[in-house]
Amino acid sequence: MIEPIPVNQPLLDGKERQYLNECIDSGWISSEGPFVRRFEEEFATRVGRKYGIAVSNGSVAIDAAVVALEIGAGDEVILPTFTIISCAAAIVRAGAVPVVVDCDRHTWNIDIDQMEAKISPKTKAIMVVHIYGLPVDMAPILALAEKYNLKVIEDAAEMHGQTYKDKPCGSFGDISTFSFYPNKHITTGEGGMIATDDYNLAERCRSLRNLCFQPKQRFIHEELGWNLRMTNLQAALGVAQLERLDEFVARKRRMGKRYTELFADIPGLELPVPRTDYAENIYWVYGLVLKDEVPFDAPEAMRLLAEKNIGTRPFFWPMHEQPVFHKMGLFKEESHPVSERIARRGFYVPSGMALTDEQMERVAAVLREVMA
Ligand SMILES: *Cc1c(COP(=O)(O)O)cnc(C)c1O
């Protein structure tokens, strides 16, 4: 039998084992251990921020960022409909209203031309989400935020090591968030980071992360927080992975180029945009969209690839089409056709850091058969 090609496999062959052994040998395994602070500082420096707050995953990083910005009842937050549930969930859980915008047909990022019309007197923030490898065009969004006095939350979960006009992703707006899930450019197994330049926001996030214990009277609470702490074991992985971020980004770019060459003459496929005038794709995942003339949808293509042991994942399902939000009375009758189309026609092929040239060639050969 041919070895299956999983949709993701991380590379853990740097100093991960050495640092994990240090945790075990020293007995520091909880969030109190020294790797947590070190990871926060090194990561914040890498993305050009003053403060890093390590948390247990990228979703709760968004939860904490929204609450830290005091977004709540009566507020609206603008975000792309084409994103992960974590973004809209954080807004809804805070008691605010998510207002979604369709995405661009080529970059799959939020359609900036449609944003200003969504701003109302209730709008408090814009949540920017960089999708799949290309950053959002930040300049016009920052200009809108300035014009209407809005906060900006930047979800940079998929953008470790990416830049927008030579400035690191994760350094824009009031507060940025990251995930270290194993399919991101660097991983801690589960994990996340909040990054900001604002001391007060950083302190609020630290407090929210730690149940809002108070420095003076620990068990008396003025506010409700969560336990979102990252362990020293996770941070040890993070420090080791961060040492290799440049190498990982270069590796993903090479993989993206290779897939693009291999897929170039397969009919029926829309391939990711390799670059814009502000960034070069880092291919967090290598997404494909079936052209309109292809007589089947993504689930069928994915099924045929699975039969040949090639792992895939569907694209995000738009927020305005989520049953959970319809039940809450949100997004009724809304239509965002670009996102609806790519949700149905889009999927991604194996894109993990450990993927080999040989595996990419096999993915291309099988995809060629499927598309024929
Ligand atoms: C992965 C991801 C998240 C969530 O991160 P988790 O660590 O899996 O909770 C949030 N936003 C985006 C854009 C992501 O890709």
Side-chain angles (χ1 to χ4, degrees), residues 7-8 10 39 43 47 52-66 77-94 98 100-101 103-104 107-110 125-136 138 141 152-162 164 169-170 172-173 175-195 205 208-209 226-231 234-235 237-238 241 248 252 272 281-287 313-319 322 339 342-343 346-348 351-353:
V7 73
N8 176 63
F39 186 39
F43 192 85
V47 301
I53 301 96
V55 292
S56 44
N57 59 67
S59 301
V60 297
I62 306 171
D63 283 316
V66 166
V77 180
I78 294 175
L79 78 162
T81 192
F82 188 72
T83 184
I84 190 167
I85 191 81
S86 315
C87 302
I91 296 164
V92 170
R93 287 207 176 101
V100 298
V101 178
C103 66
D104 178 82
T107 65
W108 309 326
N109 274 317
I110 192 164
I126 297 172
M127 187 181 286
V128 170
V129 190
H130 308 292
I131 297 290
Y132 292 177
L134 278 177
V136 170
M138 291 305 300
I141 292 185
V152 174
I153 304 166
E154 182 193 18
D155 179 357
E158 305 172 2
M159 289 300 123
H160 313 159
Q162 178 61 293
Y164 167 79
C169 290
F172 292 94
I175 198 162
S176 307
T177 64
F178 292 88
S179 161
F180 305 116
Y181 191 71
N183 62 1
K184 313 295 179 177
H185 284 76
I186 66 171
T187 182
T188 60
E190 300 284 351
M193 188 77 76
I194 303 165
C205 290
L208 288 167
R209 167 179 71 176
W226 300 276
N227 175 356
L228 313 179
R229 301 185 299 259
M230 174 184 272
T231 68
Q234 292 168 307
L237 285 176
Q241 289 267 296
F248 284 171
K252 281 269 195 162
N281 205 323
I282 58 167
Y283 302 99
W284 169 56
V285 293
Y286 196 95
R313 285 280 184 286
F315 270 17
F316 293 133
W317 196 254
M319 292 305 104
Q322 296 291 344
S339 300
I342 65 171
F347 61 98
Y348 63 88
S351 305
M353 207 55 78

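One-based numbering, in listed order, for ligands and for the atoms of each.
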Atoms in ligand 1 flagged as close to Val129, the criterion being non-hydrogen separation under 4.0 Å:
13 (C)
Side chains of Pro80 and Val136: closer than 4.5 Å at any heavy-atom pair?
no
Decide whether an N or O pair under 3.5 Å exists between Glu158 and ligand 1.
yes
Protein heavy-atom partner closest to atom 1 (C) of ligand 1 - residue, atom, separation in Å:
Lys184 NZ, 1.7 Å
Test Val60 against Trp226 for side-chain contact (heavy atoms from CB on, under 4.5 Å), laying out the working first.
CA-CA 9 Å; Val60 297; Trp226 300 276; over 6 Å; no
Residue Ile84 vicinity, atoms of ligand 1 by number, heavy atom under 4.0 Å:
2 (C), 3 (C), 10 (C), 11 (N), 12 (C)
Hey, is CZ on Arg229 packed in by over 12 heavy atoms from elsewhere, all under 6.0 Å?
yes
Hey, is ligand 1 close enough to Ser179 that some N/O pair sits below 3.5 Å?
yes
Considering non-hydrogen atoms of the protein only, which is the closest contact for atom 11 (N) of ligand 1, and what is the distance?
Asp155 OD2, 2.6 Å
Looking at Val66, Ile78, Thr177, Val152, which hits side chain to side chain contact (heavy atoms under 4.5 Å, CB included) with Met127?
Val66
What is the ring orientation for His160 with Phe180, classed by angle as parallel under 30°, tilted 30 to 60°, or perpendicular over 60°?
tilted
For the pair Phe172 and Tyr164, name the ring-plane relationship: parallel under 30°, tilted 30 to 60°, perpendicular over 60°.
perpendicular
What protein heavy atom sits nearest atom 9 (O) of ligand 1, and how far away is it?
Ser59 OG, 2.6 Å
Geometry only, no angles: is Phe180 polar-contacting ligand 1 at N/O separations under 3.5 Å?
no
So if I count the atoms of ligand 1 from 1 in the order they appear, which ones are less than 4.0 Å from some heavy atom of Asn57?
7 (O), 9 (O)
Any idea which part of Val60 is under 4.0 Å from ligand 1, heavy-atom wise: side chain, backbone, both or neither?
neither
More than 12 heavy atoms from other groups under 6.0 Å of OH on Tyr181:
no
